Protein chains: 2
Amino acid sequence: MKKEDIFKKLRSSGLRPTKQRVEIAKFLFDRDKTFHFTIEGLDNLLAKKTTFKFALATIYNTVHAFKKAGHLNEVDVRGKKTYFDTNITRHHHFYDNETSELIDIDASEVVIQKIPKAPNGKKIKNVEVFINLKN
Amino acid sequence: MKKEDIFKKLRSSGLRPTKQRVEIAKFLFDRDKTFHFTIEGLDNLLAKKTTFKFALATIYNTVHAFKKAGHLNEVDVRGKKTYFDTNITRHHHFYDNETSELIDIDASEVVIQKIPKAPNGKKIKNVEVFINLKN
DNA sequence: TTTATAGTTTATAATAATTCTAAAGTAAAA
DNA sequence: TTTTACTTTAGAATTATTATAAACTATAAA
């Protein structure tokens, strides 16, 4: 992913391509596979993998800005920390309780035959399947 | 639900039937329909609906003791607060983002036709379907 | 029944994750 | 350039939850 593309990605979603945002975007989006993370985890990884120094608040700000712009998804996981996912397509998750690890499941791998209809006046926004794993 | 039954329920799961536990158990389990709550919500309701005074820590302790004993389930909901559910059978949920309300879906109302197999050496513990609602 | 003991409750302090604040810094517009 | 609006930052504040340790209480033992 070229620097220009990152700039475009940021600009097109109304985000100024600051040093911090570009570094974080490079780290998050320049990869082949989906990446799941918590803010704390991202903070640690950025500290290790980049020479740049980020305020924790900036990581919160940036991740939320990316999420708002649709570049990141938030995942429902039981527990205190919020998980994010670079996979923004509709998909599902395995969750390994032992390791607190999330694994993506492509939407095509889950077929639901029957589902109840939404209650009074409501509509179904989306259906998430969450598969808990054990050893 | 008679007081004796509550005593039994508590004793049989190794919990002394203290005043606090009996009151909270009555409030939680003596109802026809499933009840979903957060600790904060339960605290407010207990303050309104009972004459008894509970320390917040006791509510946390008690709810966790009930959960550990299998009388309550914890539900995965995005957000800071932990949700609990008096429905301890395997089931699914609607979640109404507008009102932060959970609605139970009976297991029989969801039929999944296809599901991926668990990764390397892991087993599937359970499958949760979470249906987000919109207006 | 008392007494002992082990489990409970309580107020408060501590912790953890996250958000807020306001000052200093920086990208882009004028 | 200069200005303006957006960003970053360190640290304070907030929120949900857990830990602590002293007072209390249900139960077992005498």
Side-chain angles (χ1 to χ4, degrees), chain A residues 3-4 6-27 36-47 50-69 71-72 74-84 100, chain B residues 3-4 6-27 36-47 50-69 71-72 74-84 100:
Chain A
K3 202 163 187 175
E4 255 324 297
I6 291 176
F7 270 59
K8 259 184 220 157
K9 183 170 194 157
L10 294 176
R11 282 228 182 76
S12 71
S13 38
L15 296 168
R16 284 189 185 171
T18 62
K19 252 184 164 182
Q20 290 82 341
R21 284 177 178 160
V22 170
E23 283 296 312
I24 295 176
K26 253 200 307 196
F27 183 80
H36 297 105
F37 63 94
T38 63
I39 299 285
E40 194 196 9
L42 179 59
D43 185 37
N44 291 336
L45 286 170
L46 287 171
T50 74
T51 49
F52 210 83
K53 192 181 126 290
F54 303 88
L56 185 57
T58 300
I59 300 177
Y60 275 97
N61 288 343
T62 304
V63 166
H64 281 115
F66 287 177
K67 183 194 156 194
K68 200 172 165 195
H71 303 315
L72 287 174
E74 193 180 328
V75 188
D76 295 318
V77 184
R78 176 177 310 173
K80 284 169 267 235
K81 284 183 202 153
T82 306
Y83 281 75
F84 295 90
S100 299
Chain B
K3 201 164 189 175
E4 255 324 298
I6 291 174
F7 271 58
K8 260 183 219 155
K9 183 169 194 158
L10 293 176
R11 282 227 183 76
S12 70
S13 39
L15 297 168
R16 285 190 184 171
T18 62
K19 252 183 162 183
Q20 290 81 343
R21 283 176 179 160
V22 171
E23 283 295 315
I24 295 176
K26 254 199 307 195
F27 183 80
H36 297 103
F37 62 94
T38 62
I39 300 285
E40 194 196 8
L42 179 59
D43 185 36
N44 290 336
L45 286 169
L46 288 171
T50 74
T51 49
F52 210 83
K53 193 182 126 289
F54 304 88
L56 185 57
T58 301
I59 300 178
Y60 274 97
N61 288 342
T62 304
V63 166
H64 281 115
F66 287 177
K67 182 195 156 192
K68 200 173 163 193
H71 303 315
L72 287 174
E74 193 179 329
V75 188
D76 295 318
V77 184
R78 176 179 310 174
K80 284 170 268 237
K81 284 183 201 153
T82 306
Y83 281 76
F84 296 91
S100 300

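As the structure is a computational prediction, the values presented were derived from the model and not from experiment. Proteins get letters first, then strands, A, B, ... in listed order; numbering begins at 1 in each.
- Note: Thr62(A) OG1 to Phe27(A) CZ = 13.5 Å, rounded to the nearest 0.5 Å.
- Using a 4.0 Å cut-off, some side-chain N or O of Arg11(A) falls inside it from OP1 or OP2 of dA28(C).
- Listed nucleotides: dT9(D), dT18(C), dT27(D). Nearest to the side chain of Ala57(A): dT9(D).
- Distance, Ile59(B) CD1 to dT9(C) C1': 12 Å, rounded to whole Å.
- Atom-to-atom, CG of Asp43(A) to P of dT18(C) comes out at 12 Å; the value is rounded to the nearest Å.
- One finds a side-chain N or O of Thr82(B) lying less than 4.0 angstrom from the OP1 or OP2 phosphate oxygen of dT17(D).
- In this model, the phosphate group of dA16(D) is not approached by any side-chain N or O of Lys81(A) to a distance below 4.0 Å at OP1 or OP2.
- Atom CZ in Arg21(A) sits about 14 Å away from atom P in dT26(C), given to the nearest Å.
- Between Gln20(B) and dT10(C) there is a side-chain N or O to OP1 or OP2 distance below 4.0 Å.
- Taking only side-chain nitrogens and oxygens, Tyr60(B) never comes nearer than 4.0 Å to OP1 or OP2 of dT18(D).
- In the set dT18(C), dA10(D), dT8(D), the nucleotide with an atom closest to the side chain of Ala55(A) is dA10(D).
- For the pair Leu56(B) CG and dT10(C) P, the interatomic distance rounds to 11 Å; values are reported in whole Å.
- The shortest distance between the side-chain N/O atoms of Thr18(B) and the OP1/OP2 oxygens of dT9(C) is below 4.0 Å.
- For His64(B) and Phe7(B), each mapped to the nucleotide of DNA chain D holding its nearest heavy atom, the one lying further toward the 5' end belongs to His64(B).
- Among Lys81(B), Lys67(B), Lys68(B), the single residue meeting the salt bridge (charged side-chain N to carboxylate O under 4.0 Å, His left out) criterion with Glu74(B) is Lys67(B).
- DNA chain C is contacted by both Leu15(B) and Lys80(B); Leu15(B) maps to the nucleotide lying nearer its 5′ end (nearest heavy atom per residue).
- At distances below 3.5 Å, not a single donor-acceptor pair connects side-chain atoms of Arg11(B) with backbone N or O atoms of Pro17(B).
- In this structure, the CG atom of Asn61(B) is 9 Å from the P atom of dT10(C), given to the nearest Å.
- Looking only at side-chain heavy atoms (C-beta outward), Thr18(B) and Leu10(B) stay at 4.5 Å or farther from each other.
- Atom pair Lys19(B):NZ and dA26(D):C1' shows a separation of 13 Å (rounding to whole Å applied).
- Phe54(B) and Ile24(B) get closest at one heavy-atom pair: CE2-CG1, 3.8 Å.
- Distances from the side chain of Arg16(B) to the nucleotides dA27(C), dA16(D), dG7(C) place dG7(C) closest.
- For Leu42(A) and dA17(C), the CG to C1' distance is 15 Å, given to the nearest whole Å.
- The interatomic distance linking Lys68(B) (NZ) with dT18(D) (P) rounds to 13 Å, in whole Å.
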